[in-house]
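Read through the structure below, which is laid out as structure tokens, and then see the notes.
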Amino acid sequence: MNEGFLNNLWNALQLILAWDTELVRIVGLSLFVSGAAVLIAALFAIPLGTFLGLKNSKWVRYISKIIYTFMGLPPVVAGLVVFLLLSKSGPLGILELLWTPWAMIIAQVMLALPIITGLTMTAIKSKDQAIGKTALTLGASKYQAALAVIREARIAIISAIVAGLGRVIAEVGAVMMVGGNIQGKTRVMTTAIVLETRKGNFEMALSLGIILLVLAFIINSILMTIQGEKDY
Amino acid sequence: MIELKNIVKSYGEKEVLNIESLKISRGKICGIMGPSGAGKSTLLRIINGLEKPTSGSIYFDGKKVSFPPELSLRRRMTMVFQKPVLFSTTVYNNVIYGLKVRGRENRQKVLQAIEFVGLKGMEKRNALSLSGGEAQRIALARAIVLEPELLLLDEPTANLDPANVEIIENLLLELNSKKNTTILIVTHNIFQAKRISEEVVFMKNGFVIEKGPTNKVFSRPSASQTAAFIKGEMIF
Ligand SMILES: Nc1ncnc2c1ncn2[C@@H]1O[C@H](COP(=O)(O)OP(=O)(O)OP(=O)(O)O)[C@@H](O)[C@H]1O
Ligand SMILES: [Mg+2]
């Protein structure tokens with residue numbers, strides 16, 4: 001048993017080092033789907049989070065609570081919703097996006113959006129009072145003051161994006177439900193690990209696991225470096 | 001230049017400011033004194049338009065100020081906070097900020113302002129790596145570079161050594177005499193008030209207890225609370 005594991009590990013490493021075509025394709029698609037999802041999510045989440053962070057009305061507090069709740073949205077639930085939207089009989093069925101990488105991107109946007117929005121909002125809020133007032137007293141217009149606050153929160157906002165990436169690249173539920181783990185088309189690292197493990201193909205599963213772990217490590221290192229910079 | 005009428009400011013139930021009437025005339029340096037919690041910083045924030053008074057009105061050159069004040073009016077004054085906040089960028093970018101938002105960037109003036117506060121050569125330093133006293137002086141440079149008509153200073157020399165205090169005081173006197181800048185300065189230091197301000201306002205518990213020419217208030221205070229405060233400050 002023990003020997004078997006070491007054997008598998010050894011073979012897994014060889015697969016990685018051999019730059020296995022299938023392996024490369026899977027990792028590439030993973031990075032593409034999650035990267036695109038995070039970029040699209042950031043495009044909406046950063047302005048939204050900034051707006052919510054700067055406003056302080058009853059409504060905003062209410063919306064904030066909802067966003068914080070959705071930060072913990074289970075991936076399978078996001079997958080289910082997107083599945084229902086995109087399935088043949090669903091409202092967006094006509095687009096025929098189900099079982100494509102686009103469906104996976106949409107599902108992951110749903111997961112990344114609340115995280116990036118929520119973290120941006122918190123970042124902006126923490127800077128708003130002191131920085132916003134300083135800018136105002138120096139003669140900034142409301143708009144210029146908001147820009148100063150964003151600039152000041154930039155590191156935290158980048159951290160928010162990286163955190164979103166860390167979350168979506170490691171999730172399996174959503175991409176499985178709307179992508180379907182189709183070989184050469186929608187198979188990404190996490191879904192491949194599930195499949196290969198089930199098939200008893202531990203070498204492939206382990207090599208993907210190792211790559212995922214390394215990616216997570218890199219993402220976290222970036223995050224920590226960025227956040228370390230904050231407190232000089 | 002500035003007139004307050006029946007200004008009240010409350011935070012929740014707590015009333016922290018209650019000023020029936022206060023007039024500051026143009027071209028004066030006016031010291032604001034009083035014990036901790038008297039409402040000095042709150043007064044400055046209200047004049048600066050950063051906070052809305054609970055009730056009452058403010059007049060700038062006889063014209064009633066709305067809330068928030070018009071941008072053009074806000075740009076005629078500026079304030080240096082008790083705990084100044086610098087932007088996380090270079091010293092130079094900090095000092096030029098107010099000119100930039102006005103579309104009036106002027107490198108020469110920025111460098112001059114930095115020199116005035118005794119920090120020549122620090123332009124490229126990261127503002128967040130400055131010491132407390134350096135940061136305070138950069139915050140002051142960032143304000144004076146704007147040549148405001150009204151300068152609101154909240155204990156601007158609290159973190160400085162005597163040599164730097166002198167530099168700053170001279171700078172303020174010069175600004176006042178050359179540009180006719182009206183300066184409202186909160187200070188805990190009676191000697192500082194004596195050195196630079198023609199008038200002092202003594203505050204306590206949100207009220208203006210006494211206002212008058214500095215010499216008179218210090219030598220013959222009309223309120224017993226002012227007298228007690230002065231006596232206390234002279235001892236320590
Ligand atoms: N945002 C706020 N919310 C609640 N209370 C406040 C707030 N800001 C100020 N206060 C209270 O208002 C009172 C006056 O505060 P202020 O900062 O104006 O005093 P100060 O005279 O400047 O004191 P110090 O000399 O210690 O700086 C204090 O009791 C303070 O606790
Ligand atoms: Mg104060």
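Residue numbers begin at 1 in each chain, while the letters A, B, ... track the order of the sequences. Values below: every heavy atom of this structure, side chains too, minus hydrogens, waters and symmetry copies.
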Check: Of the backbone (N, CA, C, O) and the side chain (C-beta and beyond), which part of Leu86(B) lies under 4.5 Å from a heavy atom of chain A, both, or neither?
Finding: backbone
Note to self: Within the 3.5 Å criterion, strictly below it, is a donor on Asn56(A) or Arg61(A) matched to an acceptor on the partner's side chain?
What the structure shows: yes
Item checked: Glu51(B) versus chain A, the contacting section by heavy-atom distance below 4.5 Å -> side chain
Notebook entry, point to check: Under a 4.5 Å heavy-atom cut-off, does chain A meet the side chain of Phe81(B), its backbone, both or neither?
Noted result: side chain
Next item on the list: Give, as side chain, backbone, both or neither, the part of Arg142(B) having an atom under 4.5 angstrom from any heavy atom of chain A.
Entry: both
Item checked: Interchain contact, Leu50(B) with chain A, by part (heavy-atom threshold 4.5 Å) -> both
Check: Can you tell me how far the CG atom of Leu171(B) sits from the CG atom of Asn164(B), to the nearest 0.5 Å?
Finding: 11.5 Å
Notebook entry, point to check: Between CZ of Arg45(B) and CG of Leu43(B), what distance do you get to the nearest 0.5 Å?
Noted result: 10.0 Å
Next item on the list: Mind checking the CD1-CG spacing from Ile185(B) to Asn176(B)? Nearest 0.5 Å is all I need.
Entry: 11.0 Å
Note to self: Can a side-chain donor-acceptor contact be found between Glu123(B) and Thr90(B) if the only test is distance below 3.5 angstrom?
What the structure shows: no
